[in-house]
Chemist: 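Take a look at this one; I'll ask things after.
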Amino acid sequence: MEIQNIIFDFGGVLVDWNPRYLYKDVFEDNSEMEYFLKNICTEEWNLEQERGRSLEDGTRILQQKFPMFHAQIGLFYDQWETMLKCDIPETVSLLYKLKHKYKIYGLTNWSAETISIAYDRFSFFKTFDGIVVSGEEKIAKPDPKIFQLLLDRYKIEAANTVFIDDNIDNIKTASEMGFYSIHFENPSKLELDLIKVGAM
């Protein structure tokens, strides 16, 4: 079937988001920072905010659990913008090329309370024909329900849609649902993979 749509993940694909951009200046050495991000402000904890829990609740719960890290935990969302470093220009360039030929959609795990910061900072988001944000829907990837929600909302089919994400679990779900799935590793490989599936 001929490709008609491209779906992009955001963090790690189109924008460079990493809590280390903030915490490298908070902790005295890398090992302390890595311990904190692996054991305190974990990816699993952050995913709950991306699934719809409020930033205030998420912060309070963690501060109560780890009072010795009260201040450092508070910085996670107080200075969240520091983690959002820049766009990934080579991927953004591909986005604009693809826009000439296809409908472009976004499917992102992102807090409903911080997504507007990204929208305001990066003009390429205006290119999208539709965006589904996990924090607004209270469902997060890799749950198939959020993929289906995007398909239903914008009346598109997985069979003629390319899905691009840097998280392999999300790729597995998309593949099982019949998308052309591309595991993002870097912009150069993405371009090659798009050529392979006939999208470029």
Chemist: Below 4.5 Å, heavy atoms only, C-beta onward: do Ile115 and Glu136 meet side chain to side chain?
Modeler: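 SC-SC contact between Ile115 and Glu136 confirmed.
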Chemist: Any donor-acceptor pair under 3.5 Å linking the side chain of Ser134 with the backbone of Trp110?
Modeler: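 Yes; at least one donor-acceptor contact below 3.5 Å.
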Chemist: Heavy atoms, side chains only, cut-off 4.5 Å: are Glu191 and Leu94 in contact?
Modeler: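 Yes; the side chains approach each other to less than 4.5 Å.
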Chemist: Between Trp45 and Tyr77, does the ring centroid distance fall short of 6.0 Å?
Modeler: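 Centroid separation for Trp45 and Tyr77: below 6.0 Å.
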Chemist: Does Ser93 reach the main-chain N or O of Pro89 with its side chain, forming a donor-acceptor pair under 3.5 Å?
Modeler: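 No, the answer is negative, given that no donor and acceptor are paired below the 3.5 Å cut-off.
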Chemist: Could you pull out the closest heavy-atom pair between Phe163 and Asn170, with the gap in Å?
Modeler: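 Looking at all heavy atoms of both residues, the shortest contact is CE2-O, 3.9 Å.
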Chemist: Rounded to the nearest 0.5 Å, what separation is found between the CG atom of Asn109 and the CD atom of Glu137?
Modeler: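 Spacing of CG (Asn109) from CD (Glu137) equals 11.5 Å.
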Chemist: In Å, rounded to the nearest 0.5 Å, how long is the span from NZ of Lys97 to CG of Leu194?
Modeler: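 Lys97 NZ to Leu194 CG: 10.5 Å, rounded to 0.5 Å.
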Chemist: Do Asp29 side-chain atoms and Glu32 backbone N/O form a donor-acceptor pair below 3.5 Å?
Modeler: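 Between the backbone of Glu32 and the side chain of Asp29 there is a qualifying donor-acceptor contact (under 3.5 Å).
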Chemist: Hey, is NZ on Lys145 packed in by over 12 heavy atoms from elsewhere, all under 6.0 Å?
Modeler: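 Not more than 12 within 6.0 Å, no.
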Chemist: Report yes if the distance between the aromatic ring centroids of Phe36 and Phe66 is under 6.0 Å, otherwise no.
Modeler: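 For Phe36 and Phe66, the ring centres are not under 6.0 Å apart.
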Chemist: Quick check for you: to the nearest 0.5 Å, what is the distance between Leu37 atom CG and Thr42 atom OG1?
Modeler: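 So the gap between those two atoms works out to 9.5 Å.
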Chemist: Using the ring centroid of each side chain, check whether Phe8 and Tyr105 are separated by less than 6.0 Å.
Modeler: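 Between Tyr105 and Phe8, which both carry aromatic rings, the centre distance is not below 6.0 Å.
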Chemist: Return yes if some donor-acceptor pair links the side-chain N/O of Thr91 with the main-chain N/O of Leu14 below 3.5 Å, else return no.
Modeler: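 Not a single qualifying donor-acceptor pair exists.
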Chemist: For Lys24 versus Met33, what's the shortest heavy-atom pair and its separation?
Modeler: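 Nearest heavy atoms, Lys24 then Met33: N-SD, 3.6 Å.
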Chemist: Got a second to check how far Glu185's CD is from Asp193's CG, nearest 0.5 Å?
Modeler: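 Going from the CD atom of Glu185 to the CG atom of Asp193 covers 8.0 Å.
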Chemist: Regarding Tyr21 and Asp16, is there a side-chain donor-to-acceptor distance under 3.5 Å anywhere?
Modeler: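 A pair is found: one side chain offers a donor N or O, the other an acceptor, under 3.5 Å apart.
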Chemist: So, does His183 use its side chain to make a donor-acceptor pair with the main chain of Asp166 at under 3.5 Å?
Modeler: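 A pair under 3.5 Å: yes.
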Chemist: Heavy atoms, side chains only, cut-off 4.5 Å: are Ile6 and Ile164 in contact?
Modeler: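 SC-SC contact between Ile6 and Ile164 confirmed.
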Chemist: Side-chain contact test, heavy atoms from C-beta onward, threshold under 4.5 Å: evaluate it for Glu34 versus Arg20 and give yes or no.
Modeler: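 Yes, side chains in contact.
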Chemist: Which atom names give the shortest non-hydrogen contact between Phe147 and Ala174, and what distance separates them?
Modeler: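 What the structure gives for the nearest pair is CE2-CB, 3.8 Å.
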Chemist: With respect to Lys141, which candidate in Asp9, Thr173, Thr108 satisfies the side chain to side chain donor-acceptor pair (under 3.5 Å) definition?
Modeler: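 Among Asp9, Thr173, Thr108, the one meeting side chain to side chain donor-acceptor pair (under 3.5 Å) with Lys141 is Asp9.
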Chemist: Is Thr59 reaching over with its side chain to a backbone N or O of Glu56, donor-acceptor style, under 3.5 angstrom?
Modeler: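 The answer is no, because no donor-acceptor pair under 3.5 Å joins these two groups.
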Chemist: Please lay out, stage by stage, how Ile7 and Phe179 fare under the test side chain to side chain contact (heavy atoms under 4.5 Å, CB included).
Modeler: CA-CA 10 Å; Ile7 301 174; Phe179 289 88; 3.7 Å; yes
Chemist: Apply side chain to side chain contact (heavy atoms under 4.5 Å, CB included) to Asp25 and list each qualifying residue two or more places apart in sequence or on a separate chain.
Modeler: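 For Asp25, no residue satisfies side chain to side chain contact (heavy atoms under 4.5 Å, CB included) once neighbours in sequence are set aside.
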Chemist: Can you tell me how far apart CG (Asn46) and SG (Cys41) are? Round to the nearest 0.5 Å.
Modeler: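 Asn46 atom CG to Cys41 atom SG measures 8.5 Å (nearest 0.5 Å).
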Chemist: Scan Phe124, Phe125, Tyr119, Trp17 and name whichever one has a ring pair (Phe, Tyr, Trp, His ring centres under 6.0 Å) with Phe10.
Modeler: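 The single option meeting the ring pair (Phe, Tyr, Trp, His ring centres under 6.0 Å) with Phe10 is Phe125.
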Chemist: Side-chain contact test, heavy atoms from C-beta onward, threshold under 4.5 Å: evaluate it for Ile3 versus Thr161 and give yes or no.
Modeler: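 They are not in side-chain contact.
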Chemist: Counting distance only, does the side-chain N/O of Glu90 pair as donor-acceptor with the main-chain N or O of Pro187 below 3.5 Å?
Modeler: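 No; zero donor-acceptor contacts below 3.5 Å.
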Chemist: Quick one: does Gln72's side chain have a donor or acceptor within less than 3.5 Å of a partner on Val26's backbone?
Modeler: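 No, Gln72 side chain to Val26 backbone: no donor-acceptor pair under 3.5 Å.
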Chemist: Is the count of non-hydrogen atoms from other residues, nucleotides or ligands lying under 6.0 Å from Lys99 atom NZ greater than 12?
Modeler: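 Yes, enclosed.
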Chemist: Has the side chain of Ser181 got a donor or acceptor atom that lies under 3.5 Å from a matching backbone atom of Ser175?
Modeler: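 A pair under 3.5 Å: yes.
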Chemist: Please check if the side chain of Tyr154 supplies one atom and the backbone of Ile131 the other of a donor-acceptor pair under 3.5 Å.
Modeler: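 Side chain of Tyr154 to backbone of Ile131, a donor-acceptor pair under 3.5 Å: yes, one is there.
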Chemist: Can you tell if the side chain of Tyr23 reaches within under 4.5 Å of the side chain of Phe76, non-hydrogen atoms only?
Modeler: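 Tyr23 vs Phe76: side chains touch.
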Chemist: What's the verdict on salt bridge (charged side-chain N to carboxylate O under 4.0 Å, His left out) for Lys38 and Glu43, showing C-alpha distance, side-chain angles and the deciding distance?
Modeler: CA-CA 8 Å; Lys38 185 178 180 181; Glu43 291 181 11; over 6 Å; no
Chemist: Side chains of Phe184 and Asp165, heavy atoms from C-beta outward: is any pair under 4.5 Å?
Modeler: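 No, too far: nothing below the 4.5 Å cut-off.
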Chemist: Please round to the nearest 0.5 Å and tell me the distance separating atom CD of Glu48 and atom CZ of Arg53.
Modeler: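 Here the rounded value is 5.0 Å.
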Chemist: Look at the rings of Phe69 and Tyr35 and say which category their plane angle falls in: under 30° parallel, 30 to 60° tilted, over 60° perpendicular.
Modeler: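 Because their plane-to-plane angle lies in the 30° to 60° range, the rings of Phe69 and Tyr35 count as tilted.
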Chemist: Do Val15 and Ile88 touch side chain to side chain, with heavy atoms closer than 4.5 Å?
Modeler: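 SC-SC contact between Val15 and Ile88 ruled out.
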